[in-house]
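So that the names make sense, note that chain A is the first sequence line, chain B the second, and so on, each numbered from 1.
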2 protein chains.
Amino acid sequence: MAASSVKHNKQSKKSVGCPVEFTLEAIGGRWKVLIIHHLLEGTKRFGELTRLLGGISARTLTRQLRELEASGIIDRKVHQQVPPKLEYSLTTIGRKLEPVLLAMHDWAEESLKSSRRSKK
Amino acid sequence: MAASSVKHNKQSKKSVGCPVEFTLEAIGGRWKVLIIHHLLEGTKRFGELTRLLGGISARTLTRQLRELEASGIIDRKVHQQVPPKLEYSLTTIGRKLEPVLLAMHDWAEESLKSSRRSKK
DNA sequence: CGGAATCCCGTTTGATACTG
DNA sequence: CAGTATCAAACGGGATTCCG
C-alpha cells in the first residue's frame with residue numbers, strides 16, 4: 001500500500017447531513033446533557049461541576065466543556081486572579097436546549113411506562 | 001457509588017442516572033436518528049435503508065437496527081420466503097420520538113441562525 | 001484552582017469476505 | 001436479499017502526572 005493517501009479531513013469526525021444529527025452531536029457526549037442540566041440552574045465553577053457530576057475526570061470535564069463552548073452552548077468566563085476562578089454558564093442558545101431535554105425526558109418516562117406494561 | 005450491584009448486562013455499558021440520558025442512549029448511535037427519520041415515513045426493508053442511508057455497512061446497519069429493536073423503538077417482521085424479505089417499522093413508542101426529533105431539529109436551526117449573527 | 005500532556009482501555013464503526 | 005464473521009482503525013473517556 002505504498003503512498004496510500006489517507007486524507008485527514010477536518011470534518012473527518014462525522015459528516016452531518018441533517019439538523020437533527022447536528023444537535024445530537026452537540027449534546028451527544030457522555031456528560032453533556034448532565035452539564036447542561038446543572039447549568040440550567042445557574043452559573044457554576046469548574047470544581048462545582050466536578051462535584052455535581054460525581055466521578056468525572058478533570059480531563060474529560062475540560063473536553064466536554066470546550067466542546068460545548070465550541071458549539072456555542074456555554075460561556076466560559078475567566079477571572080484573572082489567584083486562586084484562578086472560572087465560571088461556566090449557558091448562552092442564550094444554550095438555554096434553548098431546555099425543550100429538547102424536556103422532550104427527551106418525557107419520552108423516557110413513556111418508554112419506561114410502556115415497557116412495564118406486559119410486553120413479553 | 002450507591003448500588004454496587006452492577007449487572008453485567010450487554011446493553012448497559014453506561015450507567016444511566018437520569019431519563020434524559022436514557023433517551024440519549026436509545027437514539028445516540030451514529031445512524032439511529034436517521035433510521036428513525038426514514039421509518040417515520042413508512043415501513044422500510046433492509047436494502048432500502050442501506051440505500052437511503054448512503055454509506056452504512058451491512059454489519060453496522062444490522063447492529064443499529066437490533067439496538068433500536070432492543071429499545072422497543074422498532075419492529076422487525078420476517079417474511080419467510082425466497083428471496084428473504086424483512087420489514088422494519090416504528091413501534092408505538094418509537095413514533096413518539098417524533099417530538100424529540102422535532103425539538104432537536106428546531107434547536108439546530110436556531111443555533112445556525114444565531115451563529116450567523118454573531119461570528120461569521 | 002483549573003487545567004494540559006501523556007498513556008491506556010473499551011466501545012463503535014467500517015472494510016471485506018462469506019452464507020442461508 | 002439480508003444477514004454473519006473477522007480483523008483493524010477511530011474515537012471517547014478514565015487515571016495519572018505536571019504546570020501557571
May I ask you to say whether A/Lys44 pairs ionically with A/Glu87, meaning some side-chain N is under 4.0 Å from a carboxylate O? no
Salt-bridge present (A/Lys77, A/Asp75; N to O < 4.0 Å): no
Is there a side-chain polar atom (N or O) of [X] under 4.0 Å from OP1 or OP2 of [N]?
X       : N      : result
B/Gln64 : C/dT13 : yes
B/Arg66 : D/dG3  : yes
A/Tyr88 : C/dG3  : yes
B/Arg30 : D/dA10 : no
A/Arg51 : C/dC1  : no

For the side chain of [X] and the backbone of [Y], is there at least one donor-acceptor N/O pair under 3.5 Å apart?
X        : Y        : result
A/Thr91  : A/Gly72  : yes
B/Thr50  : B/Phe46  : yes
A/Thr23  : B/Met104 : yes
B/Trp107 : A/Ile93  : yes

In whole angstrom, what separates [X]'s [atom1] from [N]'s [atom2]?
X       : N      : atom1 : atom2 : result
B/Phe46 : C/dG20 : CZ    : P     : 17 Å
A/Arg76 : C/dG2  : CZ    : P     : 10 Å
B/Glu25 : D/dG13 : CD    : P     : 12 Å
A/Leu61 : D/dG14 : CG    : P     : 10 Å
B/Leu65 : C/dT12 : CG    : P     : 16 Å
B/Glu69 : D/dA2  : CD    : P     : 15 Å

For A/Thr60, report the nucleic acid contact type (base, sugar-phosphate, nothing); a contact means any heavy atom under 4.0 Å. base
What is the nucleic acid contact for B/Arg45, judged by heavy atoms within less than 4.0 Å: base, sugar-phosphate only, or nothing? sugar-phosphate
Which residue lies toward the 5' end of DNA chain D, A/Gly29 or A/Ala58, if each is placed at its nearest nucleotide? A/Gly29
Do A/Tyr88 and A/Arg45 make a side-chain contact, defined as non-hydrogen atoms from C-beta onward lying under 4.5 Å apart? no
Any non-hydrogen side-chain atom of B/Leu61 less than 4.5 Å from a side-chain atom of B/Trp31? no
Could you see if A/Ile27 belongs to whatever hydrophobic cluster contains A/Leu53? Use Ile, Leu, Val, Met, Phe, Trp, Tyr and a side-chain cutoff under 4.5 Å. yes
Measure from the side-chain heavy atoms of A/Arg63 and tell me the nearest of D/dG12, C/dG2, D/dG3. D/dG12
Nearest to the B/Pro84 side chain among D/dC1, D/dG14, D/dG3, which nucleotide is it? D/dC1
Check nucleotides 5-7 of chain C against the protein and report each pair of N or O atoms closer than 3.5 Å, with its distance, or say if there are none.
from	atom 1	to	atom 2	distance (Å)
C/dT6	O4	A/Arg59	NE	2.9

Note: contacts of residues 31-42 of chain A with DNA chain D (heavy atom, under 4.0 Å) are A/Trp31
Take A/Gly47 and B/Ser57, find for each the nucleotide of DNA chain C with the closest heavy atom, and name the residue whose nucleotide sits nearer the 5' end. A/Gly47
